[in-house]
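Just follow the structure's listing: the first ligand is 1, and inside any ligand the first atom is 1. Predicted model only: the values in this text are computed from it and were never measured.
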Amino acid sequence: MSGPISWEKRGEIAVITVDNPPVNALSAGVRDGLLAAVTEAGEDAGVKAMIILGAKRTFIAGADIREFGKPRTGAPLLDVNNKIEFSDKPVVAAIHGTALGGGLEVALCCHYRYAVPSAQVGLPEVKLGLIPGAGGTQRLPRLVGVEKALQLITSGDFVRAGAAKELGIVDEVGEDLVEGAIAYAERLVAEGASAKRIRDLPCTADAAVFETFRKAIARRSRGFKAPWACIDAVEAATKGNFEAGYAEEQRLFKDVHDSPESAAQRHVFFAEREVAKIPDVPRETPVKDVKRAAVIGAGTMGGGIAMNFANAGIPVVILELDQAALDRGLAIVRGNYQATVDKGRLAQARMDERMALISTTTDYADIADVDIVIEAVFEEMEIKKQIFAKLSEVVNRDAVLASNTSTLDIDQMADATDRPGQVIGMHFFSPANVMRLLEVVRGGASTPKTIATAMAVGRRLGKISVLVGNCHGFVGNRMLHGYSRQAGFLLEEGAMPEQIDKVIYDFGLPMGPFTMGDMAGLDVGWRIRKATAHERSSNMRYSTIADQICELGRFGQKTQAGWYRYEDGSRAPVPDPIVAEIIEKASAEQGIERRDVADQEVLERCMYQLVNIGAQLLDEGMALRALDIDVIYIAGYGFPAYRGGPMFWADSIGLDKVLATIKRFHEEVGEEWRPAPLLERLVAEGKSFADFGK
Ligand code: 3HC
Ligand code: NAI
């Protein structure tokens with residue numbers, strides 16, 4: 001046979017190998033080849049049993065996601081699965097790497113499953129806005145029970161071979177993939193084992209299970225379509241025979257497959273992988289091996305960043321001004337770990353291991369031999385410059401020197417050193433031990449090795465690293481600034497915080513700008529606004545409402561009052577007449593006649609700022625591709641994955657429509673709505689953000 005499938009006889013066992021790098025996805029050629037191989041082996045009188053396995057790094061990792069949304073070619077997966085399942089000769093799936101989605105569904109059509117200990121199995125379709133569409137929702141509950149199947153299918157979590165055996169997904173675990181599976185198949189033949197079909201097993205559950213499950217996932221699945229369809233499909237498995245349940249699964253699969261939510265989530269899947277690709281920093285760029293790290297500053301961010309290193313098993317030393325600051329910082333780190341232990345999500349022994357990886361010092365000599373330093377001290381250029389100068393005096397010549405600054409110019413810090421090529425921004429998000437996003441800020445002199453190392457360190461820390469340019473606020477915060485300003489202006493024009501927050505929440509973000517402000521604390525921004533007031537041009541529109549709120553000592557949740565008020569011990573925002581009064585007075589002072597602001601306008605005023613500034617950033621080269629911006633907003637700002645990120649969302653509306661609205665705002669609202677030249681160019685050329693740079 002040619003193509004991605006080959007098979008050979010090992011004694012009486014047919015070994016069928018899938019070789020379709022990188023992950024042996026079920027592309028058309030794989031389906032055709034599997035169908036032919038199982039047919040041939042089935043007709044070969046010398047074959048008593050078959051094994052299906054994957055070549056190189058993995059078993060089959062699922063359907064070929066790139067084929068979704070395209071015209072269908074090749075044999076349907078259903079035909080392949082039926083051929084396997086109805087084979088009279090026992091078929092064994094021999095699993096290493098990952099058996100995911102359609103890959104696990106193929107394995108579930110095999111009559112037995114053998115796995116090496118490191119193998120993992122799962123049905124992660126839900127993460128792509130899909131449901132398992134090749135019988136997974138019908139076979140898995142028959143095998144492991146309805147509740148466990150619901151848990152696996154709605155979370156998309158992977159299970160290791162040992163646990164999979166306990167669940168009954170895997171029948172046998174052995175060290176050697178090929179020889180072990182052959183020995184297992186030979187044993188089955190010798191024992192006269194029959195072709196065991198999961199479809200023949202019963203599937204029952206109490207109807208209440210499904211309602212309980214729907215309630216349990218309601219919060220995390222808000223706005224998503226697929227998790228609900230997953231539950232419906234499993235429920236169908238309990239309502240009739242296999243064929244009827246399977247038909248319902250197919251109907252639900254088609255429904256989610258054709259949905260904008262799934263198109264968006266598939267975009268996110270590829271975008272999260274694409275951000276690692278940097279045109280002038282090829283994959284083979286050498287990367288510094290990071291064995292030991294240092295963090296300067298044990299404050300909010302420094303402590304969280306140190307936890308990231310410890311979690312990844314990398315020893316880290318924190319440097320501070322004095323012992324008291326170190327003690328304070330370390331106590332917070334310990335408290336964070338302890339809270340996780342108390343919730344049963346981390347073993348005490350793991351916590352102890354991680355704490356043991358974190359050491360502290362006030363002496364620069366102790367960080368001389370580290371491979372990377374991340375500076376996280378106060379946001380003041382002079383202090384940062386002094387630190388970078390000191391670092392270049394004492395630290396290892398080839399270490400990477402990074403700053404966690406959220407706004408300052410990386411190049412000025414680089415210029416304070418004798419090695420500007422090794423200086424880079426690594427902008428973590430708060431809380432740094434939780435948030436997935438890392439903006440890697442490329443300085444004018446950052447070398448490819450420095451960039452590749454920072455990106456790789458981010459990955460090791462479990463972050464999604466996105467490369468951005470060196471400008472005020474970088475990508476994420478520069479866009480957010482425009483969004484927040486519009487929210488403030490909408491207050492002056494007639495909206496109230498609760499309306500704006502509801503519109504943004506209903507759109508899918510975890511919370512709107514005012515609830516967010518109250519949670520984060522309003523005083524920091526206020527202090528910055530006061531300090532930079534002299535830089536503001538007098539003809540720039542400025543809303544004073546936020547300042548007036550702070551002047552009353554209302555700093556958000558921590559003072560039980562901010563944009564909202566908070567009852568004792570509660571974090572639920574309650575609209576406050578005092579705030580309404582301040583807002584109405586501000587409108588009057590500005591000479592603005594308050595009006596009813598439609599929800600649609602609230603949405604467009606906030607979100608189209610993200611889009612317009614995003615377009616400017618692309619044009620300036622601050623973001624490499626529109627998808628980089630999408631990943632930043634999903635991983636760092638809670639933008640709903642089922643909308644694909646702000647730029648994908650704008651493409652899905654149609655850039656001509658978005659531009660027309662932005663032009664209207666430009667006339668009606670103000671200069672901050674001047675359309676980004678890139679947006680106008682793309683519309684003139686009939687293109688979308690996805691075409692940018694192609
Ligand atoms: N289809 C097409 N391409 C895929 C793919 C798939 N199912 N899975 C991975 N790839 C590609 C990636 O895009 C990447 O391509 P690139 O090198 O050009 O960027 C390459 O394979 C390697 O992937 P990763 O960088 O993610 O490699 P890792 O080793 O980190 O992870 C993995 C491997 C765990 C298999 C991970 O890729 C993964 O989770 N893949 C998706 C698995 C999945 O969701 N399967 C279900 C698909 S839907 C389905 O099966 C429907 C069915 O029910 C009918
Ligand atoms: P913080 O005020 O909580 O901590 C700063 C720490 O730096 C303090 O513990 C202080 O003692 C220490 N420090 C000050 N000068 C020092 C010096 N010369 N040497 C050693 N230590 C020194 O500040 P936070 O919030 O952790 O911010 C730190 C940096 O991270 C800033 O640049 C900030 O812009 C950035 N950042 C902050 C985010 C946040 O949400 N707080 C998010 C992303 C970045």
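The closest protein non-hydrogen atom to atom 10 (N) of ligand 1 is Val23 CG2, 3.9 Å. The protein atom (non-hydrogen) at minimum distance from atom 16 (P) of ligand 1 is Lys277 NZ, 3.5 Å. For atom 53 (O) of ligand 1, the nearest protein heavy atom (residue, atom name, distance) is Glu125 OE2, 2.5 Å. Counting only heavy atoms of the protein, atom 31 (O) of ligand 1 lies nearest to Arg57 NH2, 4.1 Å. Counting protein heavy atoms only, atom 40 (N) of ligand 1 is closest to Phe269 CZ, 3.5 Å. Regarding atom 17 (O) of ligand 1, its nearest protein heavy-atom neighbour is Arg283 NH2, 3.9 Å.
Closest to atom 36 (C) of ligand 1 by heavy atom, among Arg273, Arg266, His257, Gln120, is Arg273. Evaluated by nearest non-hydrogen atom to atom 35 (C) of ligand 2, the leading choice among Leu321, Leu326, Asn404, Val295 is Asn404. Of the listed options Lys384, Glu375, Met301, Met301 places a heavy atom closest to atom 38 (C) of ligand 2. Looking at Gly129, Ala61, Pro22, it is Ala61 that brings a heavy atom closest to atom 43 (C) of ligand 1. Distances from atom 50 (O) of ligand 1 to the heavy atoms of Gly102, Gly97, Pro124, Ala25 put Gly102 nearest.
Between the side chain of Arg459 and the main chain of Ile464, no donor-acceptor pair closer than 3.5 Å is present.
The shortest heavy-atom distance from Lys127 to ligand 1 is not under 4.0 Å. Heavy atoms of Gly136 stay at 4.0 angstrom or farther from ligand 1. Taking a 4.0 Å cut-off on heavy atoms, Phe428 registers as neighbouring ligand 2.
For atom 1 (N) of ligand 1, the nearest protein heavy atom is under 4.0 Å away. Less than 4.0 angstrom separates atom 7 (O) of ligand 2 from at least one non-hydrogen atom of the protein.
Each of the atoms 20 (C) of ligand 2 lies under 4.0 Å from some heavy atom of Ile296. Here is the list of ligand 2 atoms found below 4.0 Å of a heavy atom in Ala376: 5 (C), 7 (O), 28 (C), 29 (C). Each of the atoms 13 (O), 15 (O), 18 (O) of ligand 1 lies under 4.0 Å from some heavy atom of Arg66. Numbered from 1 in the order shown, with element, the atoms of ligand 2 that lie under 4.0 Å from a heavy atom of Thr300 read 3 (O), 25 (O), 26 (O). Listed by atom number, the atoms of ligand 1 under 4.0 Å from Pro132 heavy atoms are 53 (O). Under a 4.0 Å criterion applied to the non-hydrogen atoms of Gly62, ligand 1 contributes the atoms 45 (N), 50 (O). Close contacts between ligand 2 and Thr405 involve ligand atoms 32 (O) [criterion: under 4.0 Å to a heavy atom]. For ligand 2 and Ile383, the ligand atoms under 4.0 Å from any heavy atom of the residue are 18 (N).
Polar contact with ligand 1: absent for Leu100 (N/O pair, distance under 3.5 Å). Taking distance alone, with nitrogen or oxygen atoms compared against 3.5 Å, Gly133 approaches ligand 1 more closely than that limit. Between Ser406 and ligand 2, at least one N/O pair is under 3.5 Å apart. Backbone and side-chain nitrogen or oxygen atoms of His427 are examined, and none is located within less than 3.5 angstrom of a nitrogen or oxygen of ligand 2. Geometrically, ligand 2 and Glu379 share a nitrogen or oxygen pair separated by less than 3.5 Å. At under 3.5 Å, not a single nitrogen or oxygen of Gly302, backbone or side chain, sits near a nitrogen or oxygen of ligand 2.
Residue Ala63 touches ligand 1 through backbone and side chain together, judged by heavy-atom distances below 4.0 Å. Counting heavy atoms closer than 4.0 Å to ligand 2, residue Thr407 contributes nothing at all. Neither the backbone nor the side chain of Glu274 has any atom closer than 4.0 Å to an atom of ligand 1 (non-hydrogen atoms only). When non-hydrogen atoms are compared, ligand 1 lies under 4.0 Å from the side chain of Glu105 (C-beta onward) but not from its backbone. No part of Leu123 comes within 4.0 Å of ligand 1, judged by heavy-atom distances.
Side-chain N/O atoms of Tyr337 and Asn311 include a donor and acceptor closer than 3.5 Å. A donor-acceptor pair shorter than 3.5 Å cannot be found between the side chains of Thr58 and Asn24. Of the N and O atoms on the side chains of Arg31 and Ser27, not one donor lies less than 3.5 Å from an acceptor on the other residue. For the 3.5 Å distance criterion, the side chains of Thr405 and Glu379 qualify, holding a donor opposite an acceptor.
Two residues are said to be in side-chain contact when any heavy atoms from C-beta on lie closer than 4.5 Å; Asp628 and Glu274 fail this criterion.
The two residues Gly458 and Ser465 come nearest to each other via the heavy atoms CA-OG, 3.4 Å.
Here the rule is side-chain hydrogen bond (donor to acceptor under 3.5 Å, both in side chains) with Thr137, and of Glu105, Glu249, Glu235, Glu125 only Glu249 fits it. For the side chain to side chain contact (heavy atoms under 4.5 Å, CB included) with Val468, the lone residue among Ile629, Val440, Ile632 that qualifies is Ile632.
Seen from the ring of Trp228, Lys225 does not count as a face-on cation partner, given the 6.0 Å and 45° thresholds. Annotation: cation-pi pair Lys127/Phe158 present, NZ/CZ under 6.0 Å from the ring centroid and within 45° of its normal.
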Start with the C-alpha distance between Phe429 and His427, add both sets of side-chain angles, then the distance that settles ring pair (Phe, Tyr, Trp, His ring centres under 6.0 Å), and finish with yes or no.
CA-CA 7 Å; Phe429 287 69; His427 181 212; 4.5 Å; yes

